[in-house]
Amino acid sequence: MPTAEAGLSISGLSAQAGSFTLGPVSLHIPPDRVLVVLGPSGAGKTLLLETIAGLRPQQAGQISLAGTDITSLPPERRRIGLVFQDAALFPHLTVKDNVQFGPRAHHAASPDGTGDLLHQLGIEHLADRSPRWLSGGERQRVALARALAIQPGLLLLDEPLSALDQPTREDMRTLLQQLLTELEIPAAHVTHDRDEALSIADDLAVIVSGQLRQTGPAASVAAEPADPDVARLLGWSELGHGTADGTTARIGQLALADMAAGPSGPVHVFYRPEDVQFSHTTAQTPEGASLTAHVERIVRTRPLARVTLGCDPPVAALMLHRDIERLQLTAGDPVQVSLPTGSLRVFPTRTRP
C-alpha cells in the first residue's frame, strides 16, 4: 500500500512565461488520486505541468514527490511520466522501440515490461509498426505506454484527448479512467473539457488567468462553485444580475428566498440548466423559485434537448427527450417553470476599482 507521503505536494509554486504569471499554486495529490486541472485556453494549465516536470524554471515554491524535494532536480531525475497533446512519438522508431526508449534512457536493466504495457493498452499488435501509420487514438496509447514504462512516481497528462474525434475520445476517456484507477501513483490530467474532467477526476483544481480559483473533491467543486468563472467552466448557466438583502435575492420577476447569511447588494445568479423543472399548471409547480413562462424554441440536441423559455429573467433548460414528449411541449406553450433552490448559486457582483 502507498504511504501517506507518497504523493505530490506543491507549495507556493509560481512561474513566468513571457508576460504571463502562474501562481502561487499550492496542491497535494495523494498516490491513489487523480487530480484534473480544469481551465480555459491560456489559463496556465500546461505551464503548471511543465514547471512540475522541470521543463520550465519556477520563480518560487517547492515541489515534493514521495517525500523527496525535487524542486532543483533536472527533468530526467524527477521520475515523472509526461503525455503530451500531440503524443510526440519518435517517427523513426517502431511502437515497441518508442515504449522502450524511456527505460533505456534511464539505464534500466531490462525493458522487458514493454510487452505487458502494450497488452494492457490493447496495442500489442502494433509493436512493429511505425508511428506514421497509427491513428490518433493509437498514438496516444503508445505515448501513455512510453510514459508508464519508466515506472514513474507521477503521471502528468497534458490534454491527451483534445485532438481526437468524439468516439475515439470517449474510448480513450474510458481507458484512462480504468488505468488511472489501477495505478498507485499520483496523476494530474489537464483539460478544458468539463465532461472529461468530471468523468476522470477524483479531485478538481480550477485555474483561471494563472490563478488557482478552487480545489477539492470533484463532486464538491461541481456542486459548489466558488465564483462565476468556476461556475461557467462547470456548466452552470447565467441567470443574470439582480439585488439581494441578505435573505432574498431578486432578479426580474424571480424572488430567491431563504438565503441564510446570503450576500447583500448587487448579485450575479447562476443555475443548473438540467435541473429546471416544468409543469402546465401552478398547482403542479414543484418547490423552488417559480416563473410563468412560454416555450420559445426546442432544439433537439443529443443527449439532452435545449428548451429556450420566454420569461423574466430568460431561462434555457436542458431536458430529456422523453420528458418533452411526456409533457407534450411545443413552441408557444405556456408553462410554469421551477428552479430548485439547490440548483441556484448567488455571487456578489464584483466591482472594479
Side-chain angles (χ1 to χ4, degrees), residues 4-31 33-85 88 147 152-160 162 185-194 197 200-218 220-221 224-234 347 350 352-353:
E5 69 174 7
L8 174 74
S9 292
I10 303 168
S11 178
L13 183 70
S14 63
Q16 193 87 22
S19 60
F20 181 84
T21 300
L22 169 71
V25 172
S26 295
L27 291 168
H28 177 67
I29 313 177
R33 305 282 286 182
V34 178
L35 174 76
V36 172
V37 182
L38 176 68
S41 298
K45 306 183 300 295
T46 296
L47 178 58
L48 174 62
L49 290 200
E50 291 177 344
T51 306
I52 294 171
L55 301 177
R56 284 184 179 268
Q58 64 194 67
Q59 291 184 313
Q62 184 181 41
I63 306 171
S64 176
L65 182 59
T68 300
D69 187 350
I70 64 170
T71 308
S72 302
L73 293 181
E76 64 274 10
R77 292 185 56 198
R78 298 193 180 197
R79 285 191 59 237
I80 293 176
L82 184 57
V83 180
F84 296 97
Q85 178 178 337
L154 170 68
L155 183 64
L156 302 178
L157 303 110
D158 186 10
E159 301 205 51
S162 62
I185 61 172
H189 179 106
V190 157
T191 184
H192 60 267
D193 184 319
R194 67 171 173 268
I200 293 173
D202 295 312
D203 300 307
L204 197 61
V206 182
I207 292 182
V208 179
S209 300
Q211 299 298 309
L212 180 62
R213 295 289 186 86
Q214 189 172 2
T215 185
S220 298
V221 175
E224 296 283 350
D227 62 42
D229 289 331
V230 176
R232 290 187 193 95
L233 284 168
L234 290 170
F347 302 105
R350 295 175 183 172
R352 295 183 179 179

- Task: Consider only side-chain N and O atoms of T51 and Q58, and report whether a donor and an acceptor are under 3.5 Å apart.
- Result: no
- Task: Identify the heavy atoms of G153 and P186 that sit nearest to each other, and give their distance.
- Result: O-CD, 3.2 Å
- Message: Once rounded to the nearest 0.5 Å, what's the spacing between atom CG of L154 and atom CD1 of I80?
- Response: 5.0 Å
- Query: Got a second to check how far T46's OG1 is from E159's CD, nearest 0.5 Å?
  - Reply: 6.0 Å
- Query: Just by modelled atom types, is the V206 backbone N or O under 3.5 Å from a matching donor or acceptor in the K45 side chain?
  - Reply: no
- Between T191 and D193, do the side chains contain an N or O donor and an N or O acceptor separated by less than 3.5 Å? no
- Message: How close do L234 and R194 get, counting heavy atoms only, and between which atoms?
- Response: C-CD, 3.5 Å
- Evaluate the side-chain proximity of D203 to P217: yes if any heavy-atom separation is below 4.5 Å, no if none is. yes
- Of the non-hydrogen atoms in S26 and G12, which two are nearest, and what is the gap between them? OG-N, 2.9 Å
- Note on the structure: Rounding to 0.5 Å, atoms CG (L22) and CG (L13) come to a distance of 6.5 Å
- Message: Measuring from atom CG of L38 to atom CG of L233, what distance do you get when rounded to the nearest 0.5 angstrom?
- Response: 5.0 Å
- To the nearest 0.5 Å, what is the distance between CD1 (I52) and CG (L8)? 5.5 Å
- Task: Compare all side-chain heavy atoms of L82 with those of L55 and state whether any distance is below 4.5 angstrom.
- Result: yes
- Give a yes or no on whether the backbone of V34 and the side-chain of D202 come within a donor-acceptor separation of less than 3.5 Å. yes
- How close do P152 and G81 get, heavy atom to heavy atom, and via which atoms? CB-N, 3.4 Å
- Is L73 close to I63 at the side-chain level, that is, under 4.5 Å between some pair of heavy atoms? no
- Query: S162 and H192: which non-hydrogen atoms are nearest, and at how many Å?
  - Reply: CB-CE1, 4.3 Å
- Can any side-chain N or O of R232 pair as donor or acceptor with the backbone N or O of D227 at less than 3.5 Å? no
- Considering only heavy atoms from C-beta outward, does the side chain of L65 approach that of R78 to under 4.5 Å? no
- Please round to the nearest 0.5 Å and tell me the distance separating atom OG1 of T215 and atom CG of L204. 7.5 Å
- Nearest non-hydrogen partners of P40 and V208, listed with the distance: CD-CG2, 4.3 Å
- Polar contact flag, side-chain donor to acceptor under 3.5 angstrom, Q16-T21: yes
